Amino acid sequence: MKKFLTATIFYSFFWLAFFFFARVIFLLMQFKEMVRYSFADIIQTFLHGFKMDLSVTAYILILPLFLGAFWFVFAGKWYQKFMKIYSAFLIIFFTLLVLGDAVVYSYWGYRVDFSVVAYLRDPKDAFASASTLQLIGGVSVSALLIYLQLKGLKWFIKRFYSFVPEKRFVLLKTSLVIILTGLLIVPVRGGFGVAPLNAGHVYFSEHLFLNHAALNEVWHFGHSTAYLKPLKNPYEFTSKEEALGNFKNLMLDEGKTTMLLNTQRPNILLIIVESFGSEIISAREGDSVVAPRFNSFIPEGIYFSNFYATGSRTDKAIPAILGGYPNLPTIQVIREPKKTQSMPGIFKMLDSAGYKTSFWYGGNINFANINSFITTTGFKEKVTIDNFERKYRNSKWGAHDHVVFERLYDSLLSVKEPFAYALLTLSSHEPFEVPMKPVFKGNSILSRFKNSIYYTDKSLGEFLDRAKNTEWWKRTLVIIIADHCRRNSETIPAYSETIFRIPMLWLGGAIAVKDTVISKPCSQFDLPATLSAQLNLPDVFPFSKNILSDGVKDFAFYTYNEGFAFITDSSKVIYDIRLNGPVEKSGNWEIAEKYGKSFLQVLFDDYLSR
């Protein structure tokens, strides 16, 4: 048993060394880019990337450990042969992948993922851009490195796996190895946290190259393969020309913007409230309203009453709210840094305009790959669970909302203006455990959900009450917007409007009007274009429209796993793609269907092009 464990440890070291040198090769191949950064920055790519290296090493160990348990029962030379063949295959494949990635990165600007397979279907075209000398050099270097590693592997197997297990304590040894195999789930997931390992765990810098260098290419390629997305648009309802024509007509805006701010350079405070659906926040139970404080603020600001979430989860809302990018059925674009790094962002524009940008979340920012997205979308500062003492991390997700709001209030008292802050709450997320005596009786999921909404609403209200008495409030636009709703009854269809209708409320000293209700149908992803127009910033959001323009077509669009909804003042269609037809329709629904199909088709074409 001791020999087996020793062999396993050294086998792990071999692969960790492999990934170390893989990162060295990547950096050296991007030498001109690498030298722009300090030595400390480069070291950080290794430190942050180690967790991902460890994860891939754990994946590699699963099969050898699992079969190793049987080796103690069925002793023989078969295990050595397996290790030799298994390791040789991985060495060849990983070496080619690492070298290929290091070469093409300088041309593509992103790490190689499974999409490269589409190019390899026609090798002649795939290698057409490389000179004969480059091809010969690449093949030669690859062959040499593979040869040296295979020679080393032969020595390694002979040195560490030449023994035959003794048939003593077989059951105990087998059980221990099986337990050890099961424990690999910890490094595979990247630790004991709620969120499994994703690219965001290794993103640490505002410089994309350093984040890319921290990625483990093998993990990145495997992840893109496991979460394989279509290489062809599955929503080709009509020709590309017709779809694009309909889309351009839909998004055409030659109108005049109604300016609702008293300055073009206000501070921005964006508060994204977890699960604050329009239906739940206005619900009553006896004498109690679920969100009384939010409702009390509506007369003090500008309320968007016919507003829709783009999807059903937070990871679908963030790209829409911050980047004007609608949700796609079955796809969470936030989980694909290769796609999101090229997207525009309203906070990226504010950062360029001289604003201090900061993102606040009391939980693990790596959850759902949020970290990588906000890093590339303009936030220079991040405040997360790591910034709160352990005594305040008393929620399953992290620090409760009242704690985060108190810290935010203190921070804003001394922040340099203009600032652009965004905060994402978390306490009204499942399992709805909040530090408050229940207002709504019962232990049902709905009762717990109502209490969590009440608690977050109370925390938000107390923060706003204090904020109104500060100097910065006079120069600030506060935008309160929900990330999504929640399905509170099994009888409600997954596509129902009630699951997607959410509130948006503008408050603060920077608004020029109060007690104003905007009833136009509009969507989460319309916020960036609308805010850009108010701040006289360029409109760089192709799928976002300016809600406050008198020349824009008013509509809301959202998607669910099986289809989409397109809603106007006078028509509605909820279209099920699998059924190839509407499940709900009203008014002039044929026109709504045409525009909805074209919008989705153009959106997916854009997604594929990134």
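Hydrogens, waters and symmetry mates play no part in the numbers below; they use all other heavy atoms, side chains included. A quick note: this is a predicted structure, and the numbers were derived from the prediction, not measured.
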Can you give me the closest heavy-atom contact between Ser55 and Val188, atom names plus distance? OG-O, 2.9 Å
When rounded to the nearest 0.5 Å, the distance separating CG of Asn546 from CG of Asp526 is 9.0 Å
Run the side-chain hydrogen bond (donor to acceptor under 3.5 Å, both in side chains) test on Asn327 and Thr310 for me, step by step, so that the C-alpha distance in whole Å, both residues' side-chain angles and the decisive distance to 0.1 Å come before the verdict. CA-CA 6 Å; Asn327 181 53; Thr310 187; 5.4 Å; no
Show, in sequence, the C-alpha distance, side-chain angles and deciding distance for Glu417 and Asn267, and conclude whether the side-chain hydrogen bond (donor to acceptor under 3.5 Å, both in side chains) test is met. CA-CA 7 Å; Glu417 299 185 38; Asn267 301 312; 2.8 Å; yes
With a 4.5 Å heavy-atom cut-off, do Leu99 and Asp101 have their side chains touching? no
Derivation and outcome, side-chain hydrogen bond (donor to acceptor under 3.5 Å, both in side chains), residues Thr470 and Trp472: CA-CA 6 Å; Thr470 64; Trp472 60 260; 3.2 Å; yes
With rounding to the nearest 0.5 angstrom, report the CH2 to OG1 distance, Trp219 to Thr57. 14.0 Å
What is the distance from atom CD1 of Ile268 to atom OH of Tyr355, rounded to the nearest 0.5 Å? 5.5 Å
Could you check whether any side-chain heavy atom of Tyr203 comes within less than 4.5 Å of a side-chain heavy atom of Asn369, counting everything from C-beta outward? no
So Ser395 and Leu426, do their side chains get closer than 4.5 Å, heavy atoms only? yes
Test Tyr105 against every option in Gln30, Glu217, His212 by the side chain to side chain donor-acceptor pair (under 3.5 Å) rule and name the one that passes. His212
Is there a side-chain contact between Leu16 and Phe50 (heavy atoms, below 4.5 Å)? yes
Name the orientation class of the two ring planes belonging to Phe557 and Phe599 (parallel below 30°, tilted from 30 to 60°, perpendicular beyond 60°). tilted
For the pair Ser87 (side chain) and Lys84 (backbone), establish whether a donor and an acceptor sit closer than 3.5 Å, ignoring hydrogens and angles. no
When the ring planes of Phe419 and Tyr421 are compared, do they come out parallel, tilted or perpendicular, using 30° and 60° as the limits? perpendicular
How far apart are the closest heavy atoms of Ala88 and Leu153, and which atoms are they? N-CD2, 3.6 Å
A cation-pi test, strictly: NZ or CZ of Lys382 under 6.0 Å from the centre of the six-membered ring of Tyr361 and no more than 45 degrees from its axis. Yes or no? no
Hey, could you give me the CG/CZ distance between Leu424 and Phe359, rounded to the nearest 0.5 Å? 5.0 Å
Can you name the closest pair of heavy atoms from Ile91 and Thr95 and give their distance? O-OG1, 2.6 Å
Identify the heavy atoms of Ala309 and His484 that sit nearest to each other, and give their distance. CB-CA, 4.1 Å
Sidechain-backbone polar pair: Asp113 side chain, Thr225 backbone, donor-acceptor under 3.5 Å: no
Note: Thr263 and Ala510 closest approach over all heavy atoms is CG2-CB, 4.2 Å
Between the side chain of Arg189 and the main-chain N/O of Leu197, is any donor-acceptor distance below 3.5 Å? no
For the pair Asn366 (side chain) and Asn371 (backbone), establish whether a donor and an acceptor sit closer than 3.5 Å, ignoring hydrogens and angles. no
Within the 4.5 Å heavy-atom criterion, are Val273 and Thr456 side-chain neighbours or not? yes
So, applying ring pair (Phe, Tyr, Trp, His ring centres under 6.0 Å) with Phe20, which one of Phe13, Phe46, Phe26 is it? Phe46
Nearest-0.5 Å distance, CG of residue Asp401 to OG of residue Ser459: 5.5 Å
Inter-residue atom distance Lys240.NZ - Asp605.CG, 0.5 Å rounding: 4.5 Å
Ring-plane angle category for Phe14 and Phe156, please: parallel below 30°, perpendicular beyond 60°, tilted otherwise. tilted
Ser342 side chain to Lys338 main-chain N or O, any donor-acceptor pair under 3.5 Å? no
Is there a donor-acceptor pair under 3.5 Å between the side chain of Lys380 and the backbone N or O of Thr375? no
Donor-acceptor check, side chain of His201 to backbone of Asn198, threshold 3.5 angstrom: yes or no? yes
Test: Arg111 cationic atom under 6.0 Å from Phe221 six-membered ring centre, within 45° of axis: no
Are any of the side-chain heavy atoms of Leu61 and Leu180 separated by less than 4.5 Å? no
Using ring centroids (six-membered ring only for Trp), state whether Phe247 and Phe543 fall under 6.0 Å. yes
With a 3.5 Å distance limit and no angle check, can you tell me whether Asn211 reaches the backbone of Phe204 through a side-chain donor-acceptor pair? yes
Under the side-chain hydrogen bond (donor to acceptor under 3.5 Å, both in side chains) criterion, do Thr314 and Glu274 qualify, and how do the steps go? CA-CA 8 Å; Thr314 304; Glu274 171 69 41; 3.2 Å; yes
Between Trp15 and Tyr11, what is the ring plane arrangement, given parallel below 30°, perpendicular above 60°, and tilted in between? perpendicular
Could you tell me whether Asp351 and Lys356 make a salt bridge, using a distance below 4.0 angstrom between a side-chain N and a carboxylate O? no
In terms of the angle between their ring planes, are Phe463 and Tyr409 parallel, tilted or perpendicular, with boundaries placed at 30° and 60°? perpendicular
Donor-acceptor check, side chain of Asp539 to backbone of Phe541, threshold 3.5 angstrom: yes or no? yes
Output yes when a side-chain donor or acceptor of Ser544 lies under 3.5 Å from a complementary backbone atom of Phe525, and no otherwise. yes
Taking atom CZ of Phe66 as the centre, does the number of heavy atoms from other residues, nucleotides or ligands within less than 6.0 Å exceed 12? no
Which heavy-atom pair separates Asn233 from Leu608 by the least distance, and what is that distance? N-CD1, 3.4 Å
So with a 6.0 Å cut-off around CZ of Phe21, is the heavy-atom count from everything else above 12? no
